[in-house]
Amino acid sequence: MSEMRPASQALSEAVVHALLASGMRDVVLAPGSRSAPMAYALLAAERAGALRLHVLIDERSAGFVALGLAVASERPVGVVVTSGSAVANLHPAVLEAAHQRVPLVAISCDRPPELVARGGSQTTEHLGIFGGDGGVAGGGVAGGISRPRAVAEVSDAAVAGSAVEHLLAQARGGVPGPVHLNVAFTEPLVPAATPSVPTVVLPDLPPASWSSVIPDALEPGPVTIVVAGDQAPDLAAVALQEGWPVLAEPSSGLRRPGTMSAPPALLDALGEEVERVVVLGRPTLSRQVTRLLARSDVEVVVVDPPGAGGADAPPTRWLDVPGARHVDGLDRWEGADAARGPQCEALSRWRAASSQVDAVLDAEVAAALGGGELSGPVVARVLSDAVSGDGGLLVAGASMAIRELISRAWPVRTSWRTGAWRGSTGP
């Protein structure tokens, strides 16, 4: 006789199987009563070697752990919480993921629809809690820069797979971001049969990121620099070939030799001569960059993720600078010939200034290590000099930690990746 499977067990296993089939490798769980079906299904999948399960008690911490895993892996990562106020505790992480373009999958476990908003305990209405239109089964687009890319509710194992796969596609889309999956479980909440463990060949999906090129048809003439912010496409080689100084934030991922040290100091010294800025990714660290982009005498060209234009431009553009020219998805470079004249002279000045900044920073570090004052900037410089090996990951804390790294010349020579919460924070 076949084992009878409660509806909650069948649903949770269908959801987990679909998550695995969509390429999810990590899930963070903040346990609770209503989320018990997901806990059992996730544990079975981990024991089978299909995913890594991370268990945390606090939901807010769970959200940010999942966010960090998604930043580091550039893949969708799920965070599972129970019903009630537990869901609201994910909002800060969802907000950050929306601004920073991180494929975070918020999975809330709910009571069946007939028990929601009936005055019982833990009947918070989950759909729409993060903003947007509340979503529909199968995945409704929520829209808005600080909201999930899509929202879906599933309560039937028979259709859960297609709904989850559609939702994960939204998370990984041309402009990655958070999505919200609400799973409605009926009692009993514990399995009554041997868990179904899928034999899953994890797909070798490309990272949930975007790429583009520096826009074509930029005429030579204006003194041009490149500002590379969070998740910038690696176009530094093209920019350097054109003779454009590249000022890269630590979380940009640009590590090519020739990018400039300590962008804030360089902009203080030479920013007034800039006539055109090409913006890659989302720069948010430096007040000097903010002031530069706000100048009316500077031409600003923003390279957006492909598909960011059109009616939905406000939710998907990296930043909205008044008067800026936005370009996206271009696949060729037809710009000027190798830099000549004023641009060559400007590049020489910026390189000389960058070398001077490096010398000053090295002198500060030497003085501190020789018995002088050990300050935050000095620690940042020492750290940046120490991590020149291969294969590392540095996560910089919010506020001053990441600012010290950018002001103290996080070295482009290192192959370490640098992550930071930059989405909803400002300079």
Side-chain angles (χ1 to χ4, degrees), residues 6-8 10-12 14-16 18-19 27-39 41 56-64 66-67 76 78-99 103-160 162-164 166-168 170-171 177-189 315 424:
S8 61
L11 176 58
S12 62
V15 169
V16 171
L19 294 174
V27 177
V28 181
L29 170 67
S33 175
R34 189 60 55 169
S35 61
M38 287 293 295
L56 286 87
I57 296 175
D58 179 74
E59 287 89 1
R60 182 179 169 109
S61 298
F64 277 98
L67 181 68
V79 53
V80 178
V81 298
T82 191
S83 58
S85 60
V87 188
N89 282 303
L90 294 181
H91 204 167
V94 169
L95 181 67
E96 181 71 27
H99 283 281
L104 178 70
V105 183
I107 304 172
S108 55
C109 299
D110 206 352
R111 296 189 176 197
E114 63 269 18
L115 296 182
V116 175
R118 293 293 185 268
S121 62
Q122 295 192 334
T123 56
T124 299
E125 295 183 47
H126 295 178
L127 293 179
I129 196 170
F130 303 124
D133 62 7
V136 294
V141 176
I145 185 62
S146 60
R147 303 169 186 170
R149 297 286 183 268
V151 181
E153 180 175 74
V154 293
S155 57
D156 184 351
V159 298
S162 60
V164 171
H166 175 80
L167 202 64
L168 267 291
Q170 296 293 314
V179 294
H180 178 199
L181 174 65
N182 193 57
V183 189
F185 290 118
T186 58
E187 296 185 1
L189 302 177
S424 57

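In this chain, numbering begins with 1 at the start of the sequence shown.
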Exercise for the section: Please tell me if the side chains of V105 and V79 come closer than 4.5 Å, counting only heavy atoms from C-beta onward. Expected result: no
Fill in the blank from the handout: Minimal heavy-atom distance between S35 and V80, with the atoms involved, is CB-CG1, 4.3 Å
Fill in the blank from the handout: Heavy-atom closest pair (A160 atom, V154 atom, distance to 0.1 Å) is CA-CG1, 4.1 Å
Practice task
Examine distances only and state if a side-chain atom of S12 and a backbone atom of S8 form a donor-acceptor pair shorter than 3.5 Å.
Solution key: yes
Fill in the blank from the handout: For C109 and H126, the nearest pair of non-hydrogen atoms, with its separation, is O-CE1, 3.5 Å
Practice task
To the nearest 0.5 Å, tell me how far T82 OG1 sits from I107 CD1.
Solution key: 13.0 Å
Problem - Side-chain heavy atoms of L181 within contact of V15, under 4.5 Å - result: yes
Handout entry: Pairwise side-chain contact, L127 with E153, heavy-atom cut-off 4.5 Å (strictly under)
Key = yes
Practice task
Using a 4.5 Å cut-off on heavy atoms from C-beta on, say whether the side chain of L56 contacts that of L29.
Solution key: no
Completion exercise
With P76 as partner, the option from L168, V179, L167 fulfilling side chain to side chain contact (heavy atoms under 4.5 Å, CB included) is L168
Fill in the blank from the handout: For D110 and N182 the tightest heavy-atom approach is OD2-ND2, 3.0 Å
Exercise for the section: Measure the shortest side-chain to side-chain distance between F130 and R147 over non-hydrogen atoms and say whether it is less than 4.5 angstrom. Expected result: no
Exercise for the section: Step by step, work out the side-chain hydrogen bond (donor to acceptor under 3.5 Å, both in side chains) result for H180 and S108. Expected result: CA-CA 8 Å; H180 178 199; S108 55; 2.8 Å; yes
Exercise for the section: Over all heavy atoms of both residues, which pair between A171 and P103 is shortest? Give the atoms and the distance, please. Expected result: O-CB, 3.5 Å
Handout entry: Minimum side-chain heavy-atom gap V81-N89 below 4.5 Å
Key = no
Handout entry: S162 versus V159, closest heavy-atom pair with distance
Key = OG-O, 3.1 Å
Practice task
For the pair E187 and R34, find out whether any cationic side-chain nitrogen is under 4.0 Å from an anionic carboxylate oxygen.
Solution key: yes
